[in-house]
Amino acid sequence: MENTFLLSFGELGLKGENRPYFERILVQNIRETLKGFENVEIKKTHGRIYVKASGEQEEIIKRLKKVFGIVAISPAKSCSLDIEEIKRAAVEAIKEMDYKGKTFKVETRRPNKSFPLKSPEISKIVGGFILKNVESIKVDVHNPDIEVDVEVRERAFVYCKKEKGPGGLPLGSNGRAVLLLSGGIDSPVAGYMVMKRGVRVFPVYFHSFPFTSDRAKEKVVDLCRVLAGYAGKVKLHVVNFTDILKEIAEKGKEEYLTILMRRMMVRISQEIASRLGAKALITGESIGQVASQTMESLFCTNEVAKLPILRPLIGFDKQEIIEIAQRIGTYDISIRPYEDCCTVFVPEHPATRPKLESIKKVEAVFDVEEMTKRGMKDLEIIEITG
């Protein structure tokens, strides 16, 4: 018998004529994720992908759990289309579980209709064999502790475990976007959420040394490393924002400082997006969370945008965002006590209901085109792997 992983995908199965496109990218991403493991074989059939690989099973599962598009990962026993082998595989699979004193049922799927036994017959035969050969276990077809799954395809596959995958769509299937990444909790989560929809993300960080320390930059690099765990690699673009920020602080009106800063960040990020062929920007804004995220503030920020600004967290409250950050592994990094420029330069009394005409009037003293070009000068690009 061979150890095989059965991978299930959710909404990909609902795609129409372009389904092969998504499946092809998913297979490529799985192959890339499993680089370094020996004897990797990947086979796609209707509704399933089978993966064989030599190596530590838990490490393979850990890698696969970061591949967008996969809904479930099941380590399975693979055997020939022989009911005796299927029975033995089922006993072996259930004995790998914590089975003593538990209940079970057998669930069979038979896409291969040439197999002589029907699904209910297979379940009955395999269930009876388990009862005879496994101690301290009972049948419960309604609410079992353990479900033994049998799939009859070109071979038979038997499994009990199901590890949850991230779901979503395969990374790279839905274009590119630029992520305005701070060192906070929200923006890394926003990047993750858009990556989950198949978008390849390019983070941009606005560094303002000495107002912000190099530790703040290191924190952003570490956040990118977490995101790269889902993407293979991430190219972080670091903008030297110090001189621009000083000019905004000196010439701008204090209550509008955050909005003026955000508008400049959008302008620079759009230029980076143009170079990368990206079709959208991403931010971690959640409506009403802070002064710069009221409806009026977002309207003023949007006014300079030529590209769509994706805000996947717009309706989330802070606790919901924190829970996702904890789950994906960014939270502990984000709460390190190194502030970004958005935090350092918060006005004492920021405008919560800014008017666009007032913002434009204040902004008229700036040469925004020159400032944008300045922001694009000496970009630092850091390639980060997961």
_Between T33 and R63, does the side-chain hydrogen bond (donor to acceptor under 3.5 Å, both in side chains) criterion hold? Intermediate values first, please._
CA-CA 6 Å; T33 295; R63 297 271 191 96; over 6 Å; no

- prompt: Passes side-chain contact (heavy atoms from CB on, under 4.5 Å), F206 versus L245? Steps please.
  reply: CA-CA 10 Å; F206 293 85; L245 192 54; over 6 Å; no

task: Verify the cluster assignment for M97 and L131: are they in a single hydrophobic cluster under the rule of side-chain heavy atoms below 4.5 Å apart?
output: yes

Worksheet entry | Residue pair Y50, K52: steps toward the side-chain contact (heavy atoms from CB on, under 4.5 Å) verdict | CA-CA 7 Å; Y50 307 113; K52 296 178 186 176; over 6 Å; no

Using 4.0 Å as the upper bound for N to carboxylate O, is an ion pair formed by R88 and E92?
-> no

Fill in: Candidate pair I30 and I70, rule side-chain contact (heavy atoms from CB on, under 4.5 Å), full reasoning
CA-CA 9 Å; I30 292 168; I70 297 175; 4.1 Å; yes

| said: Tell me whether the count of non-hydrogen atoms from other residues, nucleotides or ligands lying under 6.0 Å of NZ in K100 goes above 12. | reply: no

Shortest non-hydrogen pair, I321 vs S286, comes out as CD1-CB, 4.3 Å

Shortest non-hydrogen pair, T283 vs P312, comes out as O-CD, 3.7 Å

Scanning both residues in full, the closest heavy-atom pair of G69 with F9 reads O-CB, 3.2 Å

Check your understanding: Are any of the side-chain nitrogens in E23 or R19 under 4.0 Å away from the carboxylate oxygens of its partner?
Key -> yes

Return a table of donor-acceptor pairs under 3.5 angstrom between the side chains of residues 143-151 and protein atoms on other chains or two or more places apart.
unit_1 : atom_1 : unit_2 : atom_2 : d
D145   : OD2    : T103   : N      : 2.9
D145   : OD2    : T103   : OG1    : 3.1
D149   : OD1    : R109   : NH1    : 3.1
E151   : OE1    : R48    : NE     : 3.4
E151   : OE1    : R153   : NE     : 2.9
E151   : OE1    : R153   : NH2    : 3.2
E151   : OE2    : R48    : NE     : 3.1
E151   : OE2    : R48    : NH2    : 2.7
E151   : OE2    : Y159   : OH     : 2.8

| task | Answer yes if the ring centres of F104 and Y99 are under 6.0 angstrom apart, and no otherwise. | result | no

key: Sidechain-backbone polar pair: S274 side chain, Q270 backbone, donor-acceptor under 3.5 Å   = no

- Query: Linking I/L/V/M/F/W/Y whenever any side-chain heavy atoms sit under 4.5 Å apart, do L379 and F209 land together?
  - Reply: no

Residues passing the salt bridge (charged side-chain N to carboxylate O under 4.0 Å, His left out) test with E107, sequence neighbours excluded, are K105

Practice prompt. Step through the shown structure and confirm whether more than 12 heavy atoms of other residues, nucleotides or ligands are within 6.0 Å of CZ on R215.
Written response: no

Separation between CG (D317) and CD (Q289), nearest 0.5 Å, reads 9.0 Å

Applying the 4.5 Å side-chain criterion to the ILVMFWY set and letting contacts propagate, would F129 and L81 be lumped into a single cluster? yes

Taken to the nearest 0.5 Å, the spacing of D140 CG from K138 NZ works out to 10.5 Å

Can you check whether R197's main-chain N or O pairs, donor with acceptor, with N174's side chain at less than 3.5 Å? yes

When every non-hydrogen atom of A76 is compared with those of F157, the smallest separation belongs to CB-CB, 4.4 Å

Q) If you group Ile, Leu, Val, Met, Phe, Trp and Tyr by side-chain heavy-atom gaps below 4.5 Å, do V362 and L298 land in one group? A) no

Is the number of heavy atoms from other residues, nucleotides or ligands under 6.0 Å of E135 CD greater than 12?
-> no

- Query: Step by step, would you call E154 with N112 a side-chain contact (heavy atoms from CB on, under 4.5 Å)?
  - Reply: CA-CA 7 Å; E154 72 281 2; N112 184 352; 5.5 Å; no

Handout entry: Basic-acidic side-chain contact under 4.0 Å: E369, K373
Key = no

Original post:
Does a salt bridge link E96 with K161, judged by any charged N lying under 4.0 Å from a carboxylate O?
Top reply: no

Hey, are K87 and E84 close enough for a salt bridge, meaning a charged N less than 4.0 Å from a carboxylate O? yes

Check: Would you find a donor on one side and an acceptor on the other, under 3.5 Å apart, between the side chain of S173 and the backbone of F22?
Finding: no

For E38, is the CD atom crowded, meaning more than 12 foreign heavy atoms sit under 6.0 Å from it? no

So, are R225 and E218 salt-bridged, with charged N and O less than 4.0 Å apart? no

**Q.** Non-hydrogen side-chain atoms of L64 and E163 separated by less than 4.5 Å
**A.** no

When rounded to the nearest 0.5 Å, the distance separating CZ of R374 from CZ of F241 is 10.0 Å

Value for CD1 (I384) from NZ (K235), rounded to nearest 0.5 Å, stands at 12.0 Å

I333 and D222 have their tightest heavy-atom pair at CD1-O, 3.8 Å

Next on the checklist: Tell me if a side-chain donor or acceptor on K279 pairs with a main-chain N or O of G277 at a distance below 3.5 Å.
Outcome noted: yes

Using modelled atom types and a 3.5 Å cut-off, is there a donor and acceptor pairing between side-chain atoms of R267 and backbone atoms of V368? no

| query | Do K219 side-chain atoms and S334 backbone N/O form a donor-acceptor pair below 3.5 Å? | reply | yes

*In terms of side-chain geometry, is the basic nitrogen of D214 or K217 positioned less than 4.0 Å from the acidic oxygen of its partner?*
no

Worksheet item: Looking only at atom types and distance, does a side-chain atom of K77 sit under 3.5 Å from a main-chain N or O of A89, one as donor and one as acceptor?
Response: no

Using side-chain heavy atoms (C-beta onward) and a distance below 4.5 Å, is K360 in contact with E303? yes

NZ (K355) with more than 12 external heavy atoms under 6.0 Å: no

Taking every heavy atom of G252 against every heavy atom of L260, the minimum-distance pair comes out as CA-CD1, 4.0 Å

Do V71 and V67 sit in one hydrophobic cluster, given that two such residues count as connected whenever their side-chain heavy atoms are within less than 4.5 Å of each other, even indirectly? no

